[in-house]
Amino acid sequence: MEETEKKKDYNEETRVFKIFKEAIPYLIIIGIVILIRTFIATPVRVNGDSMYPYLKEGEVLILNKMDKSYDRFDIVVINSNGTKIIKRVIGLPGESIAYKDCKLYIDDKEVEDFVGRCNTDDFSLEKLYNYAIIPEGYYFVMGDNRRNSSDSRDLRVGLISKSQIQGTTSIRLYPFNRMGKLD
C-alpha cells in the first residue's frame, strides 16, 4: 500500500512538474509582451479629427516609448489628464513662436509649416502665455486640423511638459491599406 501511495505522489508531482514545464515558454512570452508594452512600444488609437487629414479617426499607430528626443514636426503622444492625445511638435524649448498671415514664425524667422494650407488664426506665444520663449522642458504642440484641435493654443491644454510626452509615433498599423511608416 505504501508503494502505491509513493507512485501516486510521484505521478502527481511529475504531472504538476510537466504542466509547469510546458507552461514556461508561454509565461516567458507573456512576460516579454508585458515588458515591451510597458517600456518600449504599444499601440495607440487616433481619437477625433485634430490630426486630419494626415491621421484619421480610428487609425492605430505604434507609440515608441523609447524615443525621448523631440524635433519639430514629430508626432507625439501626450498624457493629458489621463487621456492620450496625438499632436505635432511645433515649438521647442527656448524658441519664440508666432503665426501671422497664415505663416509660421519660429524666433521671428518664417518656417515652412507642415500643414501647407492656412487654417489657423494669428497668435503668438507672448499673446497666449505672456512668455517671450517656450520655457525649458516644455513644447508647443498643435494638431494638423488647426481649426478643430485642442492644442497648445488652448489654455486648458497649454504648453506640454516633456514628462507628459509618452513618446513619438511614426508607424501606422491600421487600416491595413495604409499600414507603414508615416511620412
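Inspection of the Lys87 and Ser149 side chains reveals an N or O donor paired with an N or O acceptor under 3.5 Å. Under 3.5 Å, the side chains of Asp113 and Tyr99 contain a donor-acceptor pair of N or O atoms. Residues Arg153 and Thr120 bring a donor and an acceptor atom of their side chains to less than 3.5 Å of each other.
Scanning for ring pair (Phe, Tyr, Trp, His ring centres under 6.0 Å) contacts around Tyr70 gives Tyr139, with sequence neighbours left out.
Other residues, nucleotides and ligands place no more than 12 heavy atoms under 6.0 Å from the OH atom of Tyr174. Summarising the local packing, OH of Tyr129 is surrounded by more than 12 heavy atoms from other residues, nucleotides or ligands at distances under 6.0 Å.
Ion pairing of Asp121 with Arg146 is absent here, as no side-chain N (NZ or NE/NH1/NH2) approaches a carboxylate O to less than 4.0 Å. A salt bridge is defined here as a Lys NZ or Arg NE, NH1 or NH2 lying under 4.0 Å from an Asp or Glu carboxylate O, and Glu57 with Arg45 fails to meet this definition. A salt bridge links Asp154 with Arg156: at least one charged nitrogen is closer than 4.0 Å to a carboxylate oxygen.
Residues Phe140 and Phe123 place their aromatic rings such that the two centres sit under 6.0 Å apart.
Taken to the nearest 0.5 Å, the OG1 atom of Thr168 stands 6.0 Å off from the CG atom of Asp74.
Under the 4.5 Å side-chain criterion, counting only non-hydrogen atoms from C-beta, Arg72 is not in contact with Ile90.
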